[in-house]
Chemist: 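Have a look at the structure that comes next, please.
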There are 2 protein chains.
Amino acid sequence: MTEHAPLKLERFLPYRLSILSNTVSQAIAREYQQEFGLSMTEWRVMAVLARFEPLSAREVAEHTAMDKVAVSRALSRLVDAGRVDRERHDGDRRRSVLRLSEEGWRVHDAVAPRARKHEREMLAQLTTEEIDVLARILDKLAPV
Amino acid sequence: MTEHAPLKLERFLPYRLSILSNTVSQAIAREYQQEFGLSMTEWRVMAVLARFEPLSAREVAEHTAMDKVAVSRALSRLVDAGRVDRERHDGDRRRSVLRLSEEGWRVHDAVAPRARKHEREMLAQLTTEEIDVLARILDKLAPV
DNA sequence: TGCAAATGGTTACAGATGAAACTATAACGA
DNA sequence: TCGTTATAGTTTCATCTGTAACCATTTGCA
């Protein structure tokens, strides 16, 4: 009989990472989805605007590691919802100039603490050594 | 002026995890997608069948952490492609009895080493301590 | 200048995904 | 035994996502 060496999925790192990441992201996403009708992509856009506004759509894409189509769609929803203000760039009329609206800031200020809370709950299960090493691992494997 | 405390997305753990997981998974997925027309979900189904066959669809779902709809769809594609054999369970005619076909095993034996190679390349960037701690972290946060 | 290539952003299409409804079969309890 | 409930699996629908094509504007250069 031939030897097949089946993959042990439950020990396979990329698989486990994907499970963990989906579990965590969905738990957080569910929260701001239900309460604010905000998708994960929309939240990411809001988060980078909160930190770096004003930005163009391309810059948002760079900061969020999303592609420009996803950003464009998230933005049109956010602008429609009155959470983001969009203007045209003076010198370059292709570019947009994006900022959180007052309402956008309100949503941000409500969501951000909950996101942080989820992160804390996750980290609470780890020792400080594990947290340090995890940060190092992420720096190595997924530099931002 | 009010204090807004914007979230530092690029330091936010769930975000970084999701980036890492997507990067890794997509790199692997691209490979078996191009060469075998195999999606990630289909590959996961094949991997658990390789290890635990025969299984019912529900059992596949449990092993892969996929929902039953996703499993059903992946299976119908795999059966159509002749990579999985599906029979009816003798005692319970609702249940299916799933096994890799010969062709399925050929695909599995071609894909599995590449998946492992990707994992090795990823781990090669880490020290043995980091690898150990990562395994511990995953055990704690995403027990399988 | 003026025309090709590059850039910012949107639209269109096709495939993937999740929730809920549905079909068929089996298990359970009066 | 009959009727209710539970389970295995599929289908449907609405939404999401990625790729490619597209439009408008700007840049680069002959």
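Throughout, protein chains are lettered first and strands after them, A, B, ... in sequence-line order, and every chain is numbered starting at 1. Keep in mind that what you see is a predicted model, and the values were worked out from it rather than measured.
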Chemist: Given atom NE2 of B:His89 and atom P of D:dA8, what is their separation to the nearest angstrom?
Modeler: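 It is 11 Å, rounded to the nearest whole Å.
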Chemist: Can you tell me how far P of D:dT25 sits from CZ of A:Arg88, to the nearest Å?
Modeler: 8 Å
Chemist: Rounded to the nearest 0.5 Å, how far apart are CD1 of A:Ile28 and CE of A:Met122?
Modeler: 8.5 Å
Chemist: Base, sugar-phosphate, or nothing: which does B:Ser39 touch, judged by heavy atoms less than 4.0 Å apart?
Modeler: nothing
Chemist: Would you indicate what B:Ser96 reaches in the nucleic acid, counting non-hydrogen atoms under 4.0 angstrom: base, sugar-phosphate, or nothing?
Modeler: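 The answer is sugar-phosphate, as B:Ser96 gets under 4.0 Å only of primed atoms, P, OP1 or OP2.
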Chemist: How many Å lie between CD on A:Gln34 and C1' on C:dA19, as a whole number?
Modeler: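 Between C1' of C:dA19 and CD of A:Gln34: 13 Å.
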Chemist: Does A:Arg86 place a side-chain N or O at less than 4.0 Å from the phosphate oxygens OP1/OP2 of C:dT10?
Modeler: yes
Chemist: For B:Asp92 and D:dA6, what is the distance between atoms CG and C1' respectively, to the nearest whole Å?
Modeler: 12 Å
Chemist: Would you call A:Arg99 and A:Arg86 a side-chain contact if the rule is heavy atoms closer than 4.5 Å?
Modeler: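 Not touching, per the 4.5 Å side-chain cut-off.
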Chemist: Side-chain contact, heavy-atom cut-off 4.5 Å: B:Arg95 with B:Asp92?
Modeler: yes
Chemist: Taking NZ, NE, NH1 and NH2 as the nitrogens, is one of them in B:Glu103 or B:Arg106 under 4.0 Å from a carboxylate oxygen of the other?
Modeler: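 Yes, this pair counts.
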Chemist: Could you identify which residues of residues 53-73 of chain B place a heavy atom less than 4.0 Å from some atom of DNA chain C, listed by residue number, or say none?
Modeler: B:Val69, B:Arg73
Chemist: When the distance from CE of A:Met40 to P of C:dT17 is rounded to whole Å, what number comes out?
Modeler: 14 Å
Chemist: Whole angstrom is fine here: how far is it from CZ in B:Arg44 over to P in C:dA16?
Modeler: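 About 15 Å, once rounded to whole Å.
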Chemist: Can you tell whether the side chains of B:Arg77 and B:Glu42 come within less than 4.0 Å, N to carboxylate O?
Modeler: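 A salt bridge is present here (some side-chain N lies under 4.0 Å from a carboxylate O).
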Chemist: Within this structure, what is the CD-to-C1' distance between A:Gln33 and D:dC16, rounded to whole angstrom?
Modeler: 11 Å
Chemist: Write down the distance between CZ (B:Arg95) and P (D:dT10), rounded to a whole number of angstrom.
Modeler: 14 Å
Chemist: Has the side chain of B:Arg94 got a donor or acceptor that lies under 3.5 Å from a partner of the other kind on the base of D:dT7?
Modeler: yes
Chemist: Is A:Leu141 close to B:Leu126 at the side-chain level, that is, under 4.5 Å between some pair of heavy atoms?
Modeler: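 Contact flag for B:Leu126/A:Leu141 side chains = yes.
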Chemist: Are B:Arg136 and A:Glu129 within salt-bridge range, i.e. N to O under 4.0 Å?
Modeler: yes
Chemist: Could you pick out which residue, A:Arg77 or B:Arg30, lies toward the 5' side of DNA chain D when each is mapped onto its nearest nucleotide?
Modeler: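 Per heavy-atom nearest nucleotide, the more 5' residue is A:Arg77.
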